[in-house]
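Atoms within each ligand, like the ligands themselves, are counted from 1 in listed order. All heavy atoms count here, side chains included; hydrogens, waters and symmetry mates do not.
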Amino acid sequence: MDSNYMVSIQEAIELVNTHTNVGTTTSESLLNALDLFLAKDTFSTINMPPFNQSAMDGYAVLYDEQHQNNFVLVDEIKAGDNNKRTLEVGQAVRIFTGAPTPTNANAVIMQENTAVADGILTIEDTLTNNKNIRLAGEQIKKEELALATGSKLNPAAIGFLATLGITSVEVYQKPSITIVVTGNELAEAGKPLDFGQIYESNAIMLQSALLKKGFNNITILKVKDNYQATKESLHTAINQSDFVLISGGISVGDYDFVGKALLELNTQQLFYKIKQKPGKPLFYGKNGNTNIFALPGNPASALTCFYIYIEAALQQFIGNPNYKKQTISLSLKDEYIKKGIRGEFLKATATGKEVSILGSQSSAMLNTFANANALIYLDEGVGTIQKNTTVTTYIID
Ligand code: AMP
Ligand code: MG
């Protein structure tokens with residue numbers, strides 16, 4: 001591909017979507033599977049509930065046409081009792097929530113609607129078949145599908161599988177990720193700055209963005225603006241990771257070696273530049289099954305590219321069927337004069353149905369990004385946007 005060819009934002013999203021692979025699957029304990037996606041249909045090995053169960057504290061009865069008001073009390077069953085008894089018509093047992101009802105009981109009456117005197121239960125309630133009884137298998141029957149492939153293991157899903165006695169599940173694995181940071185000018189926080197230096201901040205920023213989404217298998221490599229060193233670091237990163245995120249060195253300067261090194265390492269380039277602001281020099285490519293994003297070093301560009309392209313790719317890798325980043329339509333609070341033909345992502349704050357553009361949109365600055373909870377997307381062709389126009393917005397959290 002011509003290295004000057006710029007793809008549109010939509011083309012870039014589409015290329016990432018087409019080329020990102022879905023990761024391998026693995027068996028994980030339920031807790032470790034939190035927020036991952038099922039790679040296999042998961043079936044129940046039991047009926048749930050496993051037995052007819054009382055839904056109330058009260059009395060279980062066997063009633064018929066003739067026996068509707070008074071019952072002879074014959075037993076008590078509390079939760080956990082291993083009592084498989086039956087009743088004769090006209091009999092009742094004291095029962096508590098979660099306890100097994102006598103196998104032929106046909107109603108449970110809540111205790112608030114009863115009175116007991118001399119071993120006789122009197123009820124003031126209408127009886128209907130199986131009232132207040134949770135029937136065995138009512139929630140799910142043995143061998144029925146519990147959760148389908150692609151289901152997200154949120155806390156409710158984990159709880160549901162735990163009620164079925166399931167301890168581990170087959171899920172798509174989280175990716176291993178290497179962040180490669182380039183730049184001679186970068187100093188470590190905590191040390192005084194020499195003239196010409198700035199503090200390195202992209203590694204910890206990208207690491208935070210990854211950790212926030214549950215991606216914790218992260219290695220960080222730091223490299224100077226030196227072709228050989230860059231190539232070696234990238235070689236290591238590619239060999240050890242499912243994703244390589246590179247910061248800086250992808251632009252057109254004489255000391256930007258990332259693009260050359262990636263191609264030298266036989267990386268398949270899918271795009272190198274995007275018609276967008278910020279983040280024009282964004283490289284995406286594949287090296288075997290490794291997904292490679294080389295991000296501009298400017299911090300706001302790097303983070304914007306993370307939210308728009310990388311987050312979706314990571315979700316796709318872990319088998320999320322809804323991996324595409326969702327947008328919402330909000331009303332723009334202020335007029336915006338858009339110059340230039342590139343598409344734009346603007347740092348913004350969304351409140352209710354409105355969104356307002358923050359100051360200092362510079363790709364080198366994070367001061368207002370720190371207060372943003374949204375990115376407004378403006379398409380390539382768009383010019384000045386009037387106040388109250390509906391704009392497409394990505395929520396970043
Ligand atoms: P580059 O993409 O390497 O040309 O860098 C673009 C700008 O981002 C330069 O001003 C760099 O100093 C700055 N920059 C690059 N990498 C980092 C980093 N890791 N942390 C903070 N700023 C950076
Ligand atoms: Mg640089």
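- Looking at atom 10 (O) of ligand 1, its nearest protein heavy atom turns out to be N298 OD1, 4.1 Å.
- Scanning the protein for heavy atoms near atom 20 (N) of ligand 1, the closest one is S201 N, 3.0 Å.
- A donor-acceptor distance shorter than 3.5 angstrom exists from the side chain of N373 to the backbone of A350, with no hydrogens or angles considered.
- Nearest protein heavy-atom neighbour of atom 14 (N) of ligand 1: G297 O, 3.3 Å.
- Ligand 1 places these atoms under 4.0 Å from at least one heavy atom of E200: 18 (C), 19 (N), 20 (N).
- Checking only distances, S251 never comes within under 3.5 Å of ligand 1, N or O to N or O.
- Within 6.0 Å of CG on L193 lie more than 12 heavy atoms contributed by other residues, nucleotides or ligands.
- Contacts between L186 and ligand 1 below 4.0 angstrom, taking non-hydrogen atoms only, involve the side chain exclusively.
- Of the protein's heavy atoms, D256 OD1, 4.0 Å lies nearest to atom 4 (O) of ligand 1.
- When hydrogens are left out, the protein atom nearest atom 3 (O) of ligand 1 is G249 N, 3.0 Å; that is the closest non-hydrogen contact.
- Ligand 1 does not have G183 within reach: every non-hydrogen atom of the residue lies 4.0 Å or more from it.
- Among the atoms of P299, none of the N or O lies under 3.5 angstrom from an N or O of ligand 1.
- What sits closest to atom 18 (C) of ligand 1 on the protein, heavy atoms only, is N202 ND2, 3.4 Å.
- In terms of modelled atom types and a separation under 3.5 Å, the side chain of T230 and the main chain of N226 share a donor-acceptor contact.
- Listed by number with element, the atoms of ligand 1 under 4.0 Å from a non-hydrogen atom of V181 are 19 (N).
- By the neighbour-count criterion of 12 heavy atoms within 6.0 Å, atom CD of E335 is densely surrounded, having more than that number from other residues, nucleotides or ligands.
- A donor-acceptor pair under 3.5 Å is formed between the side chain of N132 and the backbone N or O of V108.
- At distances below 3.5 Å, not a single donor-acceptor pair connects side-chain atoms of T267 with backbone N or O atoms of N287.
- Proximity of G253 to ligand 1 is not established, as no heavy-atom distance is less than 4.0 Å.
- Heavy-atom neighbours of K275 NZ from other residues, nucleotides or ligands within 6.0 Å: above the threshold of 12.
- Residues F271 and E11 have side chains not in contact (no heavy-atom distance under 4.5 Å, counting atoms from C-beta outward).
- No salt bridge links D57 with K78; every basic N to acidic carboxylate O contact stays at or beyond 4.0 Å.
- Counting only heavy atoms of the protein, atom 22 (N) of ligand 1 lies nearest to I198 CD1, 3.4 Å.
- Numbered from 1 in the order shown, with element, the atoms of ligand 1 that lie under 4.0 Å from a heavy atom of S247 read 16 (N), 19 (N).
- Crowding of H67 atom NE2: a count of heavy atoms from other residues, nucleotides or ligands under 6.0 Å exceeding 12.
- With respect to atom 9 (C) of ligand 1, the closest heavy atom belonging to the protein is E185 OE2, 4.1 Å.
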